[in-house]
Protein chains: 2
Amino acid sequence: MLTDPSNLTPIHDTAELGKILRTKRKAQNLTQGEVAEHCGLSLRFVSEVERGKPTAEIGKVLYLLTAVGVDLFADPRD
Amino acid sequence: MLTDPSNLTPIHDTAELGKILRTKRKAQNLTQGEVAEHCGLSLRFVSEVERGKPTAEIGKVLYLLTAVGVDLFADPRD
DNA sequence: AGAAAATGTTACTGATCGGGATAATTTGCT
DNA sequence: AGCAAATTATCCCGATCAGTAACATTTTCT
């Protein structure tokens, strides 16, 4: 079974990841503060991750992705 | 253009991510030490990430994924 | 212009990370 | 099975940095 992959965006670095987070958050009319509170994180953290902070803790970033509705997929290439 | 998504594994937490990293690394007959050196990271870091350390820095984890040949994709769901 | 949202700055707590060494575990070989 | 080598998991130490709160400043939108 094939799925339309047109919405799949490759993630190569934290800048791209942050961009996706921001875009998706705004698409839902959420503020950084709302997302932050929903995840138990600081507004500060959300702001920095959206700007591509490479030293952010990955566990918290995963919370953020879940909160704004972005699924993550790993694809082992050959 | 359609891509076969059959190898796409959803990532919900760091434990799953670590599992994928380890599986792919072994599939290429690489040791943690080899991967670590190739990324400029410590063997300890590689070990901890594969064990699902949630506080690892996301930028370094992305290096790891690249090094072992795992592509990451984001999918904004509705 | 005015309100809301995002970013800059500072200070403080606490944990990450690396190196090196050492257990513990797994792998390979006879 | 049993033993040795290789691989992986932990431990200690010190330096560095992430994360947060609070307030100031800037940007964005109506």
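The structure presented is a predicted model; accordingly, all values stated were derived computationally and were not measured. Quick note: numbers below take in every heavy atom, side chains included, and nothing from hydrogens, waters or symmetry partners. Below, chains carry the letters A, B, ... as their sequence lines are ordered, and counting in each starts from 1.
- At least one donor-acceptor pair under 3.5 Å links the side chain of B:Lys24 to the backbone N or O of B:Val68.
- A salt bridge is defined here as a Lys NZ or Arg NE, NH1 or NH2 lying under 4.0 Å from an Asp or Glu carboxylate O, and A:Arg25 with A:Glu50 meets this definition.
- Atom P of nucleotide D:dC17 and atom CD1 of A:Ile58 are separated by 21 Å, given to the nearest angstrom.
- The residue A:Leu43 sits close to a base: some heavy atom pair falls under 4.0 Å.
- For the side chain to side chain contact (heavy atoms under 4.5 Å, CB included) test with B:Ile58, the passing option among A:Asp13, A:Leu62, A:Val61, A:Thr55 is A:Val61; the others fail.
- Distances shorter than 4.0 Å separate some side-chain N or O of B:Thr55 from OP1 or OP2 on C:dT16.
- Nearest heavy-atom pair, A:Ala67 versus A:Val35, reported as atom, atom and distance to 0.1 Å: CB-CG1, 4.3 Å.
- Looking at A:Lys60, its side chain never comes within 3.5 Å of a backbone N or O of A:Cys39 through a donor-acceptor pair.
- The side chain of A:Lys60 contributes no N or O atom lying less than 4.0 Å from OP1 or OP2 of D:dA18.
- As a whole-Å value, the separation of B:Arg51 CZ from C:dT26 P is 10 Å.
- Look at OH on A:Tyr63: it is 16 Å from C1' on D:dA18, rounded to the nearest Å.
- Nucleotides of DNA chain C nearest to A:Glu50 and B:Gly40 differ in position, and the one nearer the 5' end is that of A:Glu50.
- Here C:dT7 is the nucleotide among C:dT7, D:dA18, C:dC17 with the atom lying nearest to any side-chain atom of A:Ser47.
- Using a 4.0 Å cut-off between charged nitrogen and carboxylate oxygen, A:Glu16 and A:Lys19 do not count as a salt-bridge pair.
- Side-chain proximity of A:Arg44 to C:dT9, C:dG19, C:dT16: nearest is C:dT9.
- Contacts between residues 20-36 of chain A and DNA chain C, defined by a heavy-atom separation under 4.0 Å, are made by A:Arg22, A:Arg25, A:Thr31, A:Gln32.
- The side chain of B:Glu57 approaches D:dA18 more closely than any other nucleotide in the set D:dT20, C:dG8, D:dA18.
- Straight-line distance from the CG atom of B:Leu64 to the P atom of C:dG18: 10 Å, rounded to whole Å.
- If you measure from atom NZ of A:Lys53 to atom P of D:dC17, you get 12 Å, rounded to the nearest angstrom.
- A:Ser47 and A:Arg51 share a side-chain donor-acceptor pair at under 3.5 Å.
- Projected onto DNA chain D by closest heavy-atom contact, B:Glu48 and A:Val46 fall at different nucleotides, the more 5' of which corresponds to B:Glu48.
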